[in-house]
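So that the names make sense, note that chain A is the first sequence line, chain B the second, and so on, each numbered from 1.
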Amino acid sequence: MSMDKTFDARAVEPRIIALWESASAFAMGANAREGAEPFSILLPPPNVTGSLHMGHAFNHTLMDILARWRRMQGYDVLWQPGLDHAGIATQMVVERELAKAGEPDRREMGREAFVRRVWEWKAESGGTILEQCKRLGDSFDLSRNAFTMSGAPGAPEGEEGNFHDAVLRAFVTLYERGLIFRGKRLVNWDPHFETAISDLEVEQVEEKGNLWRLRYPLENGETYEHPVEWDEEGRPTRFETRDYLTVATTRPETMLGDTGVAVHPDDPRYRHLVGKTVRLPLVNRSLPIVADEHADPEKGTGAVKITPAHDFNDWEVGSRAGLRAINVMDTRARITLEGNDDFLDGAEPTPEAMALHGLDRYVARERIIAVAREEGWLDGIDEEIHTVPHGDRSKVAIEPFLTDQWFVDAKTLAGPALEAVRTGRTRILPEQHEKTYFHWLENIEPWCISRQLWWGHQIPVWYGEYVGRGGVVPHSTRGPAPDETGVFQEHGRWVKAFCGPDAETVREDAENWYRARLGHRVIVRFEGESEDEAGAYPEERGTSFVTLTRDPDVLDTWFSSGIWPIGTLGWPEDTPELRRYYPTSVLVTGFDILFFWVARMMMMQLELVGEVPFRDVYIHALVRDEKGKKMSKSLGNVLDPIELIDEYGADAVRFTLASMAAMGRDLKLSRDRIAGYRNFGTKLWNAARFAEMNGCHPDPAFDPARVTLTANRWIIGETGRLRETLDEALAGYRFNDAAGALYAHVWGKVCDWYVELAKPLFADEAKAPETRATMAWVLDQCLVMLHPFMPFVTEALWGQHDRARLLVHADWPTYGADLVDAEADAEMGWVIALIDEIRSVRAQMGVPAGARITLLTLDLSEAQQAALAANRAFVERLARIERMEAAAEAPKGAVTLTVRGATLCLPIADVIDIEAERARLAKAIARLEKEAKGLRGKLGNEAFIARAPEDVVDEARARLEATEEEMAILRAAEARLADL
RNA sequence: GGGUGAUUAGCUCAGUGGUAGAGCGCUUCGUUCACAUCGAAGAUGUCGGGAGUUCGAAUCUCUCAUCACCCA
C-alpha cells in the first residue's frame, strides 16, 4: 500500500466520523479505566436556530481537546451536548416563516397551534448545528443530547425528557423560598416583540439626537428672576423675569406622562421654586416642582421633567418625591390617551393632545414639537449625542414600561455565588474575569424573568380571586394591599397566586386554601376547563367553584439554561449521572455570556442543589476577523467554519484555533494561518509516509528505555519531554503552549532532524532494526499526543496499521523526562549545532549547495572527537561534507568555525569570498563583543556579585568565558585572513 | 463618566525579574529517493513615551499618550 503525498481531508473525514460513531467512541464513560475519576464538561447549548460560527468552532475545539485528552488518559468522561430553545430568536424565525409563506400570523393561529408549529420547525430545521459540530470533530455524547424545552406540554414524541419539569421545579423552589416575586415595576420593554427583556438584553447605542427645551408655565401667577448674565466670578449680574420654567428633554413625547419637574436642591436659579407648580402644556396637568439631586445643574437647563412611567431615573425620582406614574403608551409604543384613566385623572387635555392618541411615539414626538413651536412654548433645540437603549434582538429602541413582571431576587442569590469564587470552590480563568464577575454580582439588580412570548416555559402560576381572612372579598384595589404573600393586583382586582410544579398540585393547594378561607368546600377549575374535567360536582351544601387562570407569560430563556448543569443530568430526580458527574469539571465559554449564563448558573445551582456547578470556568476570547473586527453578518466579514473545514480540513482549523488560544486576548483569524497548519498536517502525513516506505511498523513490545543508539535515545528523550510539557500546558488550559510544543516537536525535532538522522541509520544493517522500531514508536507517540488537536489525520494514520483499538481510545503516555538520556542529549545537541554552523557558513560563503567539501578539525575535546566519530555519517550527509581530517592549524584561506568550544575549519579557499568572510567574522565578533561587554559590566558591578543569586553570577562568568574564547578563535581567523 | 485590558519584528501575536521569541510575509539558494502544502540560509526590534523600585525590568510600581472592550 502506498500513501498519497497529501492527506485528503475531505474524503477521509466522513469515514473517520462514521468510524467513531459506530464504535460509540464518545459515549459517557467510553475508555474509562477501572476506578477512573469523572471528567465532565457541558456544551454551552447553541440556539436551536443557530448554525456553527467561528465562536462555536473555537469554543468547541478547546472543549474537545480537553475531552479527548482526558478520555485517552482513562478518565470517565462525559461531554454533555444539547440545544437551547432560544425563546425570542426561535419565535422570531417561525413568525418570519409564517409571514413568508403567507400563512396566518401567530395571533390568528392561537397559542397552542403556534407552539405546535414551532415544534414542527424544530423537527425539520432545528439542530443542524449538531451535525456541523461533527464535522469539526466534537466528541460529545450525542446519545444524551438534551434540549431546554424537552418534556414541555405539546412536545412531540422524541422530545421527552426532564428539562421542563426541572425548570418548573426550579421556579417553584425559588418561589417557595421567597426568591421570586412579582411586581409592578419599570422594565425594559421591547415594542417590536412586545415583551419585557432583562437588563442584559439591552444594548446601549450612541445616536445623534436633540435636546429640546420646553417652557412649562408657572401656576398661580408665579414669576421669578432668572439670571441671564454673570460676572467673572460667576455671580449673576442681570436677570429677567420669567413666568415659566424651561425643562430640557431628549424625549418630548413622554411629556404626556409627566408628573413633576425636578431641580437640584442647591441650584440657586431654581431652589426657591421647589414646592410651586407648573402647568403641563397640552395636558393641563398640574406638576409639582421637586428638589432632587438627579437634576444636574450642568446639564440642559438644570430643570428636568419627570416621567416616572417612561424613564428609569425618573422612576427613582418619582418614588422619592411621591409622584404618580402615568403610562401613556401601549405595548407597541403607541400613544394611548383615550380611555387611559391614569392619564385623564387630573388632566384637561387639549384637542391637540387627544389627537396624538394611537400615534407611534416618534410621530407623536414630531407633532408635539410642532405644536410647541406654534404655541410658543418651544424654547429651543440643541444637538446632542446620547446613548439610546436598544433590544439586542429586535434592534429597536427600548421603551421603559410599567408592567407587572416576575423577578428573581438576584441580590440574595448572588451572595453564595460570590462566596464560591472568592473561596476558590470555583476558579475563574483567566483571573482578570473574576473582577468582572464580582463587580457585576455585587451590583446586581432584580432579574426580570417573565417574557410575553409563547415559545418557552409557561410560568407555573395560576391566579384565583382573592379572599381575605374571614372570607371577605375586597371590593376594590384602592385600599392597601393585603398583608399576605402571593396576592397581586390584576385588572383592578386582588388575586391570589398559586404556584406549583403541575396543575393537580396547584388544584389541591388552591382547594385547601379556599376551603380554609370560605369555610366550605371549593372546587377549582382551570380556565377553559369544563365542569367534567374539573372532576367533581358539588356534593355538599355550600360547595362553590373557583376558576384559576394561568399566567400566560413564559420564562426568560436564560432562566432555563441557568439550570443546564443539573437539568442535563436528570435533576430533579436523583440520578446516577447527577451523583457521578456533578459538579462538572470545567466550563469553557466566551466572556460575552459571563453574566447571561455563567453567573446565573452559579446562583441557581448553588441555591437549588447547594453545590457549585463547575470547578473551573475557562473564559476564552472572541474570534475576530483579520482586521480585528468582530465577525458579523452585517459586516460580511464572517468566516464560516464549515467552509474553512471544506477547504483546509477540520484538523487545520482546530489546530489554528488552539494555537491562537492564548488566554485573555481576542484572536484574529486569517486564512494564511490556517493554511500553515494544514501544511503541518501534511508534514506529519509525509513523515508517516516516509516511515511506511522504510518498513517501520509499530511493535507493541517496544521498550523505549532499552534503545541503544544515540540518535534514537535522543528523540525518545525529546518525546518524553513533550509529554510533560503538553500535560502541564493542558492542565493549565494553555492551549497555545500545548499546540506550540507539538508543532515544534513534530516539525522541528522529528521531521527536521530525526527523519534525516534515520536515513543513514536505515542504510546500516546493524542499526536499521532498532531505528525502524524507534521511528514507528516516535511517530505513534506523535499521533497519540496530537490526536486531541488533530483527531482526523491522526486517526487516519493510526489506522494504517493493525491496531487493537482506535486512536481515540489509545492510552495517553505517562513517561516523561525519565526518558531523557543526558549523554545522548548532549551529543546530539553538539552534532546538530555543528551541522547548523557548517550550513550557515556554506550559505554565507556562497559554497554551491551541491558541493561536497572537507571538514578539518582543529581543537576538539575528547567528547567532541568521540561525538564526531560516532556521528560522522550524519555530518557528512546533512552538512554535505566529503572528508574529515584532523589538522594542526588552519590552512590559508580556510573558514574557521566554533561550535561550543570546538574549533573546526572548512578549507574552501577556491570558493571563498574574502570580503564575505571578513564581513562574516566581523559581524560575529561584534555580536560577541557586545555580549561580552554586557557581561563584563555586570560582573564588574560589586552589587551584582553581592546580591544576585550565586547561580546567576556563575552563569554569567561561564558565559563570559565562553564568549571570550570564541571571540579569540574568530580574531585569530580574522588575522589569518589578512595574510591572503 | 466608571471599569478592564492592550501597546514587543513588515503583519498577527507568544513571552510573570536573569542571553528578546514563533508563525506568516520578505531576500538568497536549492527540485539529494517523506513532503515544493518542501528544504537550507538570511535580514528585520532604543519591547508606546517618561519616571521609579531592583544588582538586574519587555516583565513590578507610578505617570502620560494611543487603541479596544465592558458598564452607566
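Distance CZ (A/F595) to C1' (B/U4): 11 Å, rounded to an integer number of Å. When rounded to the nearest whole Å, the span between CG of A/L939 and C1' of B/G18 equals 12 Å. Rounded to an integer number of Å, the gap from A/E442 CD to B/C71 P is 17 Å. Going from atom CG of A/D392 over to atom C1' of B/C71 covers 15 Å, rounded to whole Å. Atom CD in A/E201 sits roughly 13 Å away from atom P in B/C71 (whole-Å rounding). Rounded to an integer number of Å, the gap from A/H386 NE2 to B/G1 P is 18 Å. Rounding to whole angstrom units, NE2 of residue A/H439 and P of B/A72 are separated by 10 Å. Look at CH2 on A/W440: it is 13 Å from C1' on B/C70, rounded to the nearest Å.
Using modelled atom types and a 3.5 Å distance limit, the side chains of A/Q781 and A/H745 yield no donor-acceptor pair.
Taking atom P on both nucleotides, B/A22 is separated from B/G39 by 15 Å, rounded to a whole Å. Taking the P atoms as reference points, B/G50 lies 24 Å from B/A14, given to the whole Å. Comparing the P positions of B/C38 and B/U4 gives a spacing of 45 Å, expressed to the nearest Å. Between the P atoms of B/G2 and B/U54, the separation comes to 32 Å (whole Å). Here, B/U59 and B/A51 have their P atoms 13 Å apart, quoted to the whole Å. The separation of B/A58 from B/C70, taken at their C1' atoms, amounts to 27 Å, rounded to a whole angstrom. Between B/U7 and B/G49, the distance separating the two P atoms is 12 Å to the nearest Å. Comparing the P positions of B/A20 and B/A9 gives an interatomic distance of 16 Å, to the nearest angstrom.
Across all strands shown, B/C38 forms a Watson-Crick or G-U wobble pair with B/G30, both key distances being under 3.5 Å. With a cut-off of 3.5 Å on both pairing distances, the Watson-Crick or G-U wobble partner of B/C62 is B/G50. For B/G10, the paired base is B/C24 (Watson-Crick or G-U wobble, both distances below 3.5 Å). B/U19 is unpaired under the Watson-Crick or G-U wobble criterion, no partner having all donor-acceptor distances under 3.5 Å. Of all nucleotides present, only B/A68 satisfies the Watson-Crick or G-U wobble test against B/U4, with each distance under 3.5 Å.
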Next on the checklist: Is there a side-chain hydrogen bond (donor to acceptor under 3.5 Å, both in side chains) between A/E201 and A/S198? Walk through the geometry before answering.
Outcome noted: CA-CA 5 Å; A/E201 289 159 278; A/S198 73; 2.8 Å; yes
Next on the checklist: Applying salt bridge (Lys or Arg N to Asp or Glu O under 4.0 Å) to A/R678 and A/E647, what does each step give before you reach the verdict?
Outcome noted: CA-CA 10 Å; A/R678 185 266 325 270; A/E647 190 171 348; over 6 Å; no
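Comparing B/U12, B/A72, B/G23 by their nearest atom to the side chain of A/Y743 picks out B/G23.
Residue-to-nucleotide proximity on RNA chain B shows that, of A/T387 and A/V952, the 5′-proximal contact is made by A/V952.
Ring pair A/F680/A/Y677 is perpendicular by interplanar angle, where above 60° counts as perpendicular and below 30° as parallel. Aromatic ring orientation, A/H620 versus A/F58: perpendicular (interplanar angle above 60°, classes split at 30° and 60°).
Checked by atom type and distance alone, the side chain of A/R842 pairs as donor or acceptor with a backbone atom of A/A849 at under 3.5 Å. For A/N871 (side chain) and A/F874 (main-chain N/O), no donor-acceptor pair under 3.5 Å exists by modelled atom type.
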Item to check | Contact pattern, 5' to 3', of nucleotides 31-46 of chain B - B, S or - by protein heavy atom under 4.0 Å | outcome: -B-BBSBSSSSSS---
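Residues passing the ring pair (Phe, Tyr, Trp, His ring centres under 6.0 Å) test with A/H697, sequence neighbours excluded: A/H801.
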